[in-house]
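Note on naming: letters A, B, ... go to the chains in the order of the sequence lines (proteins, then strands), and numbering restarts at 1 for each one.
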Protein chains: 2
Amino acid sequence: MKLEKITNCGPGPRRRYNDACGAAHGLELVGDRWALLVVRELMLGPKRFCDLKADLPGISANVLTQRLEELEAVGILTRCKLPPPASVQVYELTPWGYEAEPILQVLGRWAARSPYHDPTLPLTETSFLLSLRTMLDPARAEGLRLTVGFRFGAQAYTGCLGDGQLAIRRGEAENPDIAFEGAVPALVAAVYGGQPLSELEASGALTVTGDRALAARFVTLFPLPPKVGEEG
Amino acid sequence: MKLEKITNCGPGPRRRYNDACGAAHGLELVGDRWALLVVRELMLGPKRFCDLKADLPGISANVLTQRLEELEAVGILTRCKLPPPASVQVYELTPWGYEAEPILQVLGRWAARSPYHDPTLPLTETSFLLSLRTMLDPARAEGLRLTVGFRFGAQAYTGCLGDGQLAIRRGEAENPDIAFEGAVPALVAAVYGGQPLSELEASGALTVTGDRALAARFVTLFPLPPKVGEEG
DNA sequence: CGGCATCCGGGAAGATACTG
DNA sequence: CAGTATCTTCCCGGATGCCG
């Protein structure tokens, strides 16, 4: 039963598009419901089944199982065991899987202009950090080099800004120029809501350490595109 | 019943992702089966229902109706009547809808590296011409300015290459530097298969007019990305 | 003929319970 | 924790028919 699934890579003949267009093939690869969001959640590094399930509220275990099988069968991710003593099974994107990030970026940038986009919905740590990479304005970041630490509860991330790009990895920053600690919605308010850092700190939602003027500038580097109908 | 559909824009609550991530919202907008391919087929200008259905082999009339309703409800396309004497109803992308082209490009470029991509499947005129825009290598086109005519049976298209970009519109070219006439697969063979124009002309599959040396250079401007596993 | 509604079968998605 | 089994619901795709 599992062997059958692996041998027919991708959807059955019924669900193929029979179209040489690359975009059509892309939809066969990651166009199934939840598939691209699974890829998104793995974009900052491997995760285990339960964390994926927790970070994709609404997905059911059997659908997640099926998507992971399909994405593995076509070479977008691999199932691997962490070395002892962890020895847990995790799912990790292949190099080609990591190359899917521009899909998330272009789709996200375009959809952010939608009148029906609701930015008040919940956001995972991964998708917030990826959104920073997406929305970073290279012009505003011109000539700026810095290391930034993020801490959301237990998990820490490190961002390195330079050459108009923002690299992000899991783990504590070594000697960050600035660091943020708090929940995702607080950082969203600062970066996308334009709420002053001082207010968020006063309310206890966010803790900022390091060069505070630099932090205030950092959160302005990520302009949202104008909504449809507004000038732009 | 139709009003219900229009008032709940996008999928029902069950099928929403409940995720503020732009990519997730993008999937709610164009993530349904066939939706993005409908957008693709409209990318070079408005089309009528029957032509859409013919250009998307496999889609059924009711699904096409449903996708057109949904895409109209969220503002990606509009249903409009051509002026008399044509007076036919056509579907046309909104300006925001046309801005979805980079999604097709990024998805297509990424999926072209897939080991399972089958370039021998049929390709519509629209998706072939869009693929030229996608795959154009600005470095190879450096300093090149030309007008190119395409004719596939009844329909003609005009391409304008300049500044490392290729603009394409429907209609006969005025004074093209080069022109191709034939079926899509013949042009595919020339551009992506590396088959010499002379061979294709000898077999009668393709007719080339204008500056033949320029035509031979033109078809080399669209390199395919390396497959996964090959260097690149 | 173009556009759309209706009905039906198959299959994918979703929810829940259960197992190694 | 990492899935599997089962059941239900809903969507997709095909066929048919209505109506302008």
Side-chain angles (χ1 to χ4, degrees), chain A residues 1-6 8 10-19 27-28 30-38 41-42 46-72 77 79-82 85-92, chain B residues 1-6 8 10-19 24 27-28 30-38 46-73 77-82 86-92:
Chain A
M1 177 171 280
K2 191 185 283 184
L3 279 175
E4 289 175 31
K5 285 247 170 102
I6 291 184
N8 11 322
R14 274 283 158 59
R15 271 183 90 73
R16 289 214 197 101
Y17 287 114
N18 195 43
D19 192 321
L27 292 173
E28 292 169 350
V30 294
D32 275 347
R33 189 158 165 74
W34 293 109
L36 199 57
L37 299 187
V38 170
E41 284 305 313
L42 294 176
K47 281 190 183 180
R48 37 204 308 191
F49 187 94
C50 255
D51 292 327
L52 283 172
K53 185 158 157 33
D55 291 336
L56 295 171
I59 199 174
S60 55
N62 51 9
V63 171
L64 180 55
T65 299
Q66 194 179 327
R67 290 300 165 274
L68 290 170
E69 276 173 4
E70 292 161 353
L71 292 170
E72 184 185 15
L77 59 80
R79 168 193 318 236
C80 51
K81 237 183 169 56
L82 250 46
S87 289
V88 269
Q89 182 177 281
V90 294
Y91 297 88
E92 176 164 29
Chain B
M1 176 165 283
K2 190 184 285 184
L3 280 176
E4 288 174 32
K5 285 246 170 104
I6 291 183
N8 14 322
R14 274 284 159 58
R15 271 183 90 72
R16 288 212 197 103
Y17 287 115
N18 194 43
D19 192 320
L27 292 173
E28 291 169 350
V30 294
D32 275 346
R33 189 158 164 73
W34 293 108
L36 199 57
L37 299 188
V38 171
K47 281 189 182 180
R48 39 205 304 191
F49 188 92
C50 254
D51 292 328
L52 282 171
K53 184 157 158 34
D55 291 336
L56 295 171
I59 198 173
S60 56
N62 52 5
V63 170
L64 179 55
T65 300
Q66 194 179 328
R67 289 301 166 274
L68 290 170
E69 276 173 4
E70 293 161 353
L71 293 171
E72 183 185 16
L77 59 79
T78 59
R79 164 195 321 236
C80 51
K81 239 187 169 54
L82 249 47
S87 290
V88 263
Q89 181 176 281
V90 294
Y91 298 88
E92 176 163 30

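A/Gln89 approaches A/Arg48 most closely through the heavy-atom pair O-CB, 3.6 Å. Closest approach of A/Lys53 to A/Ile59, counting heavy atoms only: NZ-O, 3.7 Å.
For the pair A/Arg48 and D/dC1, the criterion of a side-chain N or O lying under 4.0 Å from OP1 or OP2 is not met. Listed pair B/Arg16 / C/dG14 fails the phosphate criterion, with no side-chain N or O lying under 4.0 Å from OP1 or OP2. In terms of phosphate contacts, A/Trp34 brings no side-chain nitrogen or oxygen within less than 4.0 Å of OP1 or OP2 of C/dA12. Of the side-chain N and O atoms in B/Tyr91, none sit less than 4.0 angstrom from OP1 or OP2 of C/dG2. Within the structure, every side-chain polar atom (N or O) of B/Gln66 is placed at least 4.0 Å from both OP1 and OP2 of D/dC11.
Between the CG atom of B/Leu37 and the P atom of D/dG13 there is a distance of 11 Å, rounded to whole Å. Here D/dC12 presents its P atom at 14 Å from CG of B/Leu68, a figure rounded to the nearest Å. Atom P of nucleotide D/dG3 and atom CD1 of A/Ile59 are separated by 13 Å, given to the nearest angstrom. Atom pair A/Leu56:CG and C/dG14:P shows a separation of 11 Å (rounding to whole Å applied). B/Arg79 has its CZ atom 9 Å from the P atom of C/dG3, to the nearest Å. The CD atom of A/Glu69 sits 10 Å away from the C1' atom of D/dG3 (whole-angstrom rounding).
Side-chain atoms of A/Val63 lie closest to C/dG14 of the nucleotides C/dG3, C/dG14, D/dG3.
The residue among A/Cys50 and B/Ser60 whose nearest nucleotide of DNA chain D is located toward the 5' end is A/Cys50.
Rounding to the nearest 0.5 angstrom, the gap separating the CD atom in A/Glu41 from the CG atom in A/Leu64 is 11.0 Å. Atoms CG and CG, from A/Asp32 and A/Leu71 in turn, are 8.5 Å apart once rounded to the nearest 0.5 Å.
Put simply, the side chain of A/Asn62 and the base of C/dT16 share no donor and acceptor less than 3.5 Å apart.
Relative to the six-membered ring of B/Tyr17, A/Arg33 meets both conditions, a distance below 6.0 Å and an angle of at most 45° to the axis.
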